[in-house]
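The structure is given below, and queries will be raised subsequently.
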Amino acid sequence: MAVEVLEKGYDPAKVEDKWSGYWINNGFFKADVNDLRKTFSIVIPPPNVTGSLHMGHALNNTLQDILARFKRMDGFNVLWMPGTDHAGIATQNVVERELAQKGISRHSLGREKFIEHIWKWREEFGGIIINQLKKLGASCDWSRERFTMDEGLSRAVREVFVELYHEKLIYRGDYIINWCPRCQTALSDLEVEHEETEGYLYYLKYPLYNSKKFVVVATTRPETMLGDTAVAVNPNDERYKKLIGKTAVLPVMGREIPVIADEYVNKDFGTGAVKVTPAHDVNDFEMGLRHNLEAIRVMDVDGRMNDNAGPYRGLDRFRCRKEIIEEFQKNGTLKKRENYSHNIGHCYRCKMVIEPTLSKQWFVKVKPLAEPAVEAVKDSRVRIIPVSWEKTYFEWMNNIRDWCISRQIWWGHRIPAWYCNDCGEVIVSKEDPTQCAKCMSSNISQETDVLDTWFSSALWPFSTMGWPEHTRELELFYPTSVLVTGFDILFFWVARMIMMGIKFMGKVPFNDVYIHALVRDIEGKKMSKSKGNVIDPLVIIEKYGADAFRFTLAAFAAQGRDIKLSEERIGGYRNFANKVWNASRFSLMNIEGYDENLIDKDRIDYTLSDKWIMSRLNRAIEQTRDALENYRFNDGAHLLYQFVWHEFCDWYIELIKPYLFDKADSNLRLNTQHVLLGVLNTVLCLLHPFMPFITEEIWSKLPNSEGSITVHQYPKSDSNLIDEKAEAEMNLIIDIVGNIRNVRGEMNIPPATQVETFLYTEDRETYDKLERNKDHIKNLARIGNLSISSNKKEYKSSATAVVDKVEIFVPLKGIIDFYEEEKRLKKESDKIEKKLMLLNKKLSNEDFLSKAPPHVIEDERIENINLIEKKRKFEEGIQRMQALQRER
RNA sequence: AGGCACGUAGCUCAGGGGGAGAGCGCUACCUUGACACGGUAGAAGUCGGCGGUUCAAAACCGCCCGUGCCUACCA
């Protein structure tokens, strides 16, 4: 038969796009609702529409793809649901910035026009990340791509909001929230990033009413003093007992404010007296409630001081801080200023310093939702892998606070609440109302706030499958099999999905949560644009190929450890891809004349090499499956690497070369070709989830393959093919060859020199094994003349080695340096001696003999006997070398 | 402040109660009919420190040191 020979090296760029297109056009990744096989489903953690593929996405999606491809091949009806999320604040910021370049502000456009603009933008750029995922090889069902702002998903959002509102799990109220003056919106607690910042602690003197005395308060945010409505001390603080109930006069504003007692105050911090600003601090707000204090906002939405700030009205908050301190200094009422380092909250989107502000917002009452979500993990309806994350999950869920879900931006799901402008009634409804439910006035207006993006993401596992409709998809694919994600969104997303899933579907959204590491740079730092340490996955794919890149990510993805990505490592796996390519190339170059029909499969006479490789292969199959079933991606990658390179290529291919090259024995040749192609075929299948492109490319050239490898049966191990005897025999051969090579290497014998070798053993069985594999030993160790004997002869001027019951003699007359050889033997002998000493100590220890398990003792005894024998042989060798040196 | 990881060969990291491992790098040799993105061999580690449990600890426990991360309302 005519065989197409592969090119000399693998060039990923030539084949990747071809196969991406082929897979998608042929619908291999489509989930079928009429398919009755068992199902496997994953929903993608939706990337931001504004995003482009970064290392985190690459890792996350590589792991999902490995699972999806594995399960698809293993006979499951697989749904991998793709899509993107509308990323409210981020997207709005991006489009605003773009408009700003044209000198347009969103306010001049108006809400409706601006939103139209974003949709247009999304049409143009929103697909970028989706295409990048395709480049990575992600086998999502692209025909089902979803977007959190799609009509269906929006309906789900509304349904959930209205339901929760009617159950009083959503409420509206005045509380301190995190306000970003740049984005001009409220943020949830999670969206605030705390960062240790060097600052100052200012000590301010507040005069007491009708007195020459002062009370000194300490603060890091002096500008908020303009909104102070009390000074608080601890009720048990002897220093201040007299002051409780007295009145202080707020500097600048001249407002009379009470000195109150509250347990919250820490006697040992600062002066033990605290200024209280209920409108700009969470704790102060709560104190305000306890003591019925007025809350005075002193800042506007943009972070400038407002009308309540007296002379500082209109100033930016930081400018105001500076000027207030100057004012206190001038008056002599700034007692002191200390260096002080503390945590300051920043907006996770724009990094602006957050201003805690009293504001009317919408909240989700989380506790009633969190409790069943905690239960679900406790009773393993949701398994978190690795389990160590469970603790973090519980910790957070048990201390959870209400979730602020309203955002003062335009891009997002508008809150389905209407206010009656006549009677003030609030109407929350699935359908847009036309009139007030209470007074029937048609003078109503909709809430302008939109929902937190995470609110819609929380519904993702069922909203993408058509909920609130009762769809076939939900029936088949919900709960999903596994969620694969990074720990950074465990709270943002995972916890909330579990809450919402249980609440609205009555079932958890996924059975497993696999939490993977974060990808960092080589120094272990988080990759970020501002640090300039990002490695762009697409550049990597171009340079090394998607397969090498994916394999690297998988090999690095050990549970519970972050990934420090190095380009060198990717290069190493690029080499591996090339190795696979060349092993395939070799196979295809040597199957001329092969015809499967000529093989009588029931009567093949397998060689030792065949039995050995099939045995090893079947172990590899079993272990790979086990690794994938248990999310041990790195184990899977490593063991396949090891098997393909160091067993299949290094040994099997080398062992069978003579069989393939010898055209005389056509039966042997045919059988060998058969096994070779069979193993290669299986190896490609095993590797496919990790390296989809190269495996499909080679698969397409194989004579014993048909269709696409993506839908071919994943290998199943056959325990009948695991052959301990073959493995033991091959191990002996490998050891002997290794030892002869070692001698050659140590003695600096050029590879081209064909040495003579004698193998001596008294053991009959071993002798037979050696005889049977004489040619292999000769070929692999490059031996000219190999004698095997059970009669000991004097091999005087030869290097020696010992393997098991075999003594190896390599006569090196004229080449060998007796002194060098003696040194080499001594080194070996010393190693053995060390081991023997440890063993002897153990075996003479009464406690060891009486308490250790019998098989351990037995093993150690056998080892001891073997080592003694081995050492004796080395000592003989040493004596021979010494004798030879004396003779000279 | 609390919590969680991590500290194993020059580098990046697996492993895990009874033999110290891999990849890269390094050294020497080799264009041997798949592959120099290759082959063969080699050097290299008190498994962070100190205690404890155990017949046996790099692994389990405690403390300490170092690194990273997460959570938190002491102004």
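The figures here come from the full heavy-atom set of this structure, side chains too, leaving out hydrogens, waters and symmetry mates. These numbers were taken from a predicted model, which means no experiment stands behind them.
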Sugar-phosphate, base or nothing in reach of A:Pro356, heavy atoms under 4.0 Å: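 It contacts nothing in the nucleic acid.
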A:Tyr340: side-chain hydrogen bond (donor to acceptor under 3.5 Å, both in side chains) partners, not counting sequence neighbours: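 side-chain hydrogen bond (donor to acceptor under 3.5 Å, both in side chains) check on A:Tyr340 returns nothing, list empty.
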Sorted by number, the residues of residues 547-554 of chain A with heavy-atom contact under 4.0 Å to RNA chain B: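 Result for residues 547-554 of chain A: none.
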Donor-acceptor pair under 3.5 Å, A:Glu654 side chain vs B:rA34 base: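 By the distance-only test, yes, there is a pair.
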Touch class at under 4.0 angstrom, heavy-atom based, for A:Thr392 against every strand present: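 No contact.
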Under 4.0 angstrom between A:Lys827 side-chain N/O and B:rA43 OP1 or OP2: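 Looking at the OP1 and OP2 atoms of B:rA43, one of them is under 4.0 Å from a side-chain N or O of A:Lys827.
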Distance test, side-chain N/O of A:Tyr340 to OP1/OP2 of B:rA75, below 4.0 Å: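 Yes, because at least one side-chain N or O of A:Tyr340 sits under 4.0 Å from OP1 or OP2 of B:rA75.
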Salt bridge flag under 4.0 Å for residues A:Lys391 and A:Glu395: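 No.
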Touch class at under 4.0 angstrom, heavy-atom based, for A:His646 against every strand present: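 Counting heavy atoms under 4.0 Å across all strands, the contact made by A:His646 is with sugar-phosphate only.
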Lys/Arg cation over aromatic A:Phe556: A:Arg569, 6.0 Å, 45° cone: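 Judged by the rule, A:Arg569 and A:Phe556 form a cation-pi pair.
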Touch class at under 4.0 angstrom, heavy-atom based, for A:Phe556 against every strand present: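 Touches sugar-phosphate only.
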Audit row: A:Lys657, A:Ile653, side chain to side chain contact (heavy atoms under 4.5 Å, CB included) steps and yes/no: CA-CA 6 Å; A:Lys657 273 180 180 173; A:Ile653 287 184; 4.0 Å; yes
Side-chain donor-acceptor contact under 3.5 Å, A:Lys335 with A:Thr271: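 On atom types as modelled, these side chains do not qualify, holding no pair under 3.5 Å.
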Side-chain donor/acceptor contact of A:Arg741 with base of B:rU40 under 3.5 Å: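 No, no donor-acceptor pair under 3.5 Å.
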Sugar-phosphate only, base, or nothing, as touched by A:Phe661 at under 4.0 Å among non-hydrogen atoms: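 Counting heavy atoms under 4.0 Å across all strands, the contact made by A:Phe661 includes a base.
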Partner nucleotide, any strand, of B:rC24 [Watson-Crick/G-U, under 3.5 Å]: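 When the pairing criteria are applied, B:rG10 turns out to be the nucleotide that pairs with B:rC24.
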Sugar-phosphate only, base, or nothing, as touched by A:Glu860 at under 4.0 Å among non-hydrogen atoms: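 Result for A:Glu860 = sugar-phosphate.
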Sugar-phosphate, base or nothing in reach of A:Lys841, heavy atoms under 4.0 Å: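 Contact class for A:Lys841: none.
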Phosphate contact (B:rG38 OP1 or OP2) by A:Asn575 side-chain N/O below 4.0 Å: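 Checking B:rG38 against A:Asn575, a side-chain N or O does come within under 4.0 Å of OP1 or OP2.
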Touch class at under 4.0 angstrom, heavy-atom based, for A:Asn343 against every strand present: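 Base: the residue A:Asn343, judged by heavy atoms under 4.0 Å, touches a nucleobase.
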Under-4.0 Å salt bridge between A:Arg574 and A:Asp547: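 No.
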Qualifying side chain to side chain donor-acceptor pair (under 3.5 Å) pairs with a residue from residues 836-851 of chain A, counting only residues at least two apart or across chains: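 Residue pairs with at least one partner in residues 836-851 of chain A: A:Lys842-A:Glu860.
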Heavy-atom donor-acceptor pair, A:Lys8 side-chain to B:rC35 base, under 3.5 Å: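 For A:Lys8, whose side chain was compared with the base of B:rC35, there is no donor-acceptor pair (under 3.5 Å).
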Sugar-phosphate only, base, or nothing, as touched by A:Arg824 at under 4.0 Å among non-hydrogen atoms: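 If one applies the 4.0 Å heavy-atom cut-off, A:Arg824 turns out to touch nothing in the nucleic acid.
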Touch class at under 4.0 angstrom, heavy-atom based, for A:Lys657 against every strand present: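 Counting heavy atoms under 4.0 Å across all strands, the contact made by A:Lys657 includes a base.
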